[in-house]
2 protein chains.
Amino acid sequence: MALRHAVLAALLDGEYSGYQLAKIFDVGVADFWYASPQQLYAELTRMEAGGLVAGRRVTQEGRPDKRVFTVTDAGIAELAAFAAAPAKPLLLRDDLIVKVHASDLLDPAPLVVQLRERAEQAAAKLELFEKMLVRLRGGLEEEPFLRRGERVGPYLTCQAGLRWERQMHEWCLQTARTLEERAARHGGRTAP
Amino acid sequence: MALRHAVLAALLDGEYSGYQLAKIFDVGVADFWYASPQQLYAELTRMEAGGLVAGRRVTQEGRPDKRVFTVTDAGIAELAAFAAAPAKPLLLRDDLIVKVHASDLLDPAPLVVQLRERAEQAAAKLELFEKMLVRLRGGLEEEPFLRRGERVGPYLTCQAGLRWERQMHEWCLQTARTLEERAARHGGRTAP
DNA sequence: ATAGGCATGTAAGCAGTTACATGATTTA
DNA sequence: TAAATCATGTAACTGCTTACATGCCTAT
C-alpha cells in the first residue's frame, strides 16, 4: 500500500482531483511513481474513508464538477511514519531494456524505432523538468534556493527526474546508433 | 505477463536455476528488472509447461540438486514477438524519492540515513557493473567490441545500469548534503 | 552450535492492470 | 461529425508480495 504515500506526497503541492492526479502520475510530471487513473480513484476513496485526505466538491462552469483533495493531519502523520521506516529497494521494470538485452537474437529495426521514440519522450520530459525547476526556485539561483527556500522537496525530486531523463535520452540514442550500425554491417539482414 | 520476457532474456546468457535467477533478479546484476524468488519459481514452472524453456536436472556434490533452464525455439519466438510489439512505458516506483518529495514536512534525519545507504548500494553496483563491462568485452576496447562483438545486448544494458547507478549515487549524496545543511541551519530541530 | 548459503516450493492476500461504462463540453 | 478533454467510477482478472515450509551443507 505504497501508492497512498505517493498520493499524499503529491497532494502536498496543492489541491488536486483524481483526474489531475492521474495526469501527474501518468503523462505528467511525477517521475518518481506511476499509477493508473482507476487506481487513483479507488485509492482516493479509501484514503478519504480512512481520514488521510479530505475531499471538497468544486463546481465548474462548462465542465463536470470535480472533487479536489487535501492532506489531513492524519495524512501527515501517515507520511511521517512512512518516511521514518526503512525504504524498500527501488522497483524498476522496463520492457525496452529487456528487449535490448536480447537484441542479439532479434530483428533490430523495431527496437531502433522504440529507442528513438523513448529518446523523444525523454527529451520532452527533460524540457518540462527544466522549466519546472526554474518555476520552483522562483527567481533565485539554485544554490541559495536550496539553502534558504521553504519548499525544496519537489525541487530535489525534479532534479532526480532531470538526471534520469537526461541519462535515458543519451543511452537510447547511443544504443539506437550502435544497433543500427551493426545492422548495416551485417549486410542488411532483417533478423539473425 | 512481462516477467517471462525478462526471464527469457536473462536465460540467453546461459543456463540458470531458479535460485540463480533469483539472485540475478534481486541483489544481483539485472538492473532492468526486479523479481522475487517465489515469482521466479512459479513463472519457470509455467514457462516449462508452456514449452518456452526446457529444464534439466543437475546433480551436485555437497549441494542439493538443481534444475537449470534453457530457452527453447518457442521461447525465442515469444521473445521476438515481444520485441516487435510497442514497449510499455517504463515503470518506476521508488519509496525514497517519494520521501524526498515530502521532505519539507518531515524529520530529515532518517531520510539522510536512507539516502546515504542508497548511495552506498549504488556505489557497490557501480563497481560490479564496471567489472562486468570489462569481462563482457573480453580484452577488446569498447568501440571495436560494440562494432564487431557477437553479443552486445548484455553490454548495452549493463551500460544503462552503470549510468543509472552513477546518477543515483550522485543524486543521493547531493540530496543528503542539502537536507543536512538545511537541518543544521534551522537550529537542529528534529522535525518541523 | 548457530548462522548463512543452497535449493525449491505452497498458500493467502493485496496491489495493479485491462476492459467496460457514462456523459457533458470543447476543438478540429 | 468525429475526436479529444474533462470527470468519475465498477468489475474481472492477473500479477506480485508476504508468510510459511522443508532440508541439507558449509563456515564461524
Side-chain angles (χ1 to χ4, degrees), chain A residues 1-8 15-28 30 33-50 52-53 55-69 82 85-95 98, chain B residues 1-7 15-28 30 33-50 53 55-69 82 85-95 98:
Chain A
M1 223 183 305
L3 168 60
R4 70 174 44 188
H5 302 121
V7 170
L8 289 169
E15 285 186 327
Y16 295 114
S17 67
Y19 189 83
Q20 288 174 298
L21 283 171
K23 277 193 301 178
I24 291 171
F25 278 82
D26 180 36
V27 203
W33 207 270
Y34 165 82
S36 66
Q38 296 87 342
Q39 233 184 313
L40 286 163
Y41 284 118
E43 188 64 32
L44 283 167
T45 306
R46 267 172 292 181
M47 287 168 78
E48 199 185 18
L52 300 175
V53 296
R56 188 168 69 81
R57 179 152 231 100
V58 175
T59 317
Q60 297 181 116
E61 285 169 36
R63 281 182 198 179
D65 290 3
K66 64 178 176 182
R67 276 164 51 67
V68 293
F69 296 90
F82 163 69
K88 288 186 195 165
L90 157 148
L91 217 117
L92 182 60
R93 282 178 180 145
D94 189 357
D95 272 19
V98 173
Chain B
M1 224 183 301
L3 168 61
R4 71 174 44 187
H5 302 122
V7 169
E15 285 186 326
Y16 295 115
S17 67
Y19 189 84
Q20 287 174 298
L21 283 171
K23 277 193 301 177
I24 291 171
F25 278 82
D26 180 36
V27 204
W33 206 268
Y34 165 82
S36 65
Q38 296 87 343
Q39 234 184 311
L40 286 163
Y41 284 118
E43 189 61 34
L44 283 167
T45 305
R46 267 172 292 181
M47 287 169 78
E48 198 184 20
V53 296
R56 188 167 69 80
R57 180 151 229 100
V58 175
T59 317
Q60 297 181 115
E61 285 170 36
R63 281 182 198 180
D65 290 4
K66 64 178 175 183
R67 273 164 55 67
V68 294
F69 296 89
F82 163 69
K88 288 187 194 162
L90 157 148
L91 217 115
L92 183 59
R93 282 178 180 143
D94 189 356
D95 272 19
V98 173

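Fair warning: this is a prediction, and the values are worked out from it, not measured in the lab.
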Exercise for review: Just call it for B:Leu91: base, sugar-phosphate, or nothing, with non-hydrogen atoms closer than 4.0 Å on any strand.
Suggested key: sugar-phosphate

Practice item. Check each of A:Met47, A:Glu15, A:Glu48, A:Arg56 against A:Phe69 using the side chain to side chain contact (heavy atoms under 4.5 Å, CB included) test, and report the only one that passes. Key: A:Glu48

Point to revise | Working for salt bridge (Lys or Arg N to Asp or Glu O under 4.0 Å), residues A:Lys88 and B:Asp95 | key: CA-CA 6 Å; A:Lys88 288 186 195 165; B:Asp95 272 19; 5.6 Å; no

Review point. Closest to the A:Gln38 side chain: D:dC6, D:dT17, D:dT10?
Key: D:dT10

Exercise for review: Look up atom CZ in A:Arg4 and atom CG in A:Leu40, then write down how far apart they are to the nearest 0.5 Å.
Suggested key: 12.5 Å

Exercise for review: Using atom CD of B:Gln60 as one end and atom P of D:dC25 as the other, report the distance to the nearest whole Å.
Suggested key: 13 Å

Review point. Given side chains that start at C-beta, do those of B:Val68 and B:Gln20 come closer than 4.5 Å, heavy atoms only?
Key: yes

Practice item. Note the angle between the end axes of the helix from C:dA1-D:dT28 to C:dA28-D:dT1, five pairs defining each, rounded to 10 degrees. Key: 50°

Review point. Given atom CG of A:Leu21 and atom C1' of D:dC6, what is their separation to the nearest angstrom?
Key: 14 Å

Practice item. Nearest whole angstrom, please: distance from the C1' of D:dC16 to the NZ of A:Lys88. Key: 11 Å

Check your understanding: Any side-chain heavy atom of A:Leu52 sitting closer than 4.5 Å to one from A:Val7?
Key -> no

**Study point:** Euclidean distance, atom CZ of residue A:Arg57 to atom C1' of D:dC6 [Å, nearest integer]
**Key:** 14 Å

Practice item. Taking heavy atoms of chain A and a 4.0 Å limit, find me the 5'-most and 3'-most nucleotide of DNA chain C within that range. Key: C:dA15 to C:dT26

**Study point:** Residue pair A:Leu3 / A:Ala35: nearest heavy atoms and the distance that separates them
**Key:** CD1-CB, 3.7 Å

Practice item. On DNA chain C, check which nucleotide each of B:Val68 and A:Gly62 is closest to and give me the residue with the more 5' one. Key: B:Val68

Check your understanding: What integer distance in Å separates B:His5:NE2 from D:dG15:P?
Key -> 11 Å

Check your understanding: In whole Å, what is the span from the CG atom of B:Leu40 to the C1' atom of D:dG15?
Key -> 13 Å

Exercise for review: For B:Thr45, report the nucleic acid contact type (base, sugar-phosphate, nothing); a contact means any heavy atom under 4.0 Å.
Suggested key: nothing

Practice item. Answer yes or no: is there a side-chain heavy-atom contact under 4.5 Å between B:Leu92 and A:Leu90? Key: yes

Check your understanding: Considering only heavy atoms from C-beta outward, does the side chain of A:Leu8 approach that of A:Phe82 to under 4.5 Å?
Key -> no

Exercise for review: Measure the distance from CG on B:Leu3 to C1' on D:dT17 and round it to the nearest whole Å.
Suggested key: 13 Å

Exercise for review: Please figure out whether B:Ala42 or B:Asp65 has its closest DNA chain C nucleotide nearer the 5' end.
Suggested key: B:Asp65

Practice item. Would you kindly give the OH-to-P distance between B:Tyr19 and D:dG23, to the nearest whole Å? Key: 18 Å

Exercise for review: Would you mind classifying the nucleic acid contact of B:Arg93 as base, sugar-phosphate or nothing, using non-hydrogen atoms under 4.0 angstrom?
Suggested key: sugar-phosphate

Check your understanding: Can you name the residues that form a side-chain contact (heavy atoms from CB on, under 4.5 Å) with A:Ser36, not counting sequence neighbours?
Key -> A:Tyr34, A:Gln38, A:Gln39

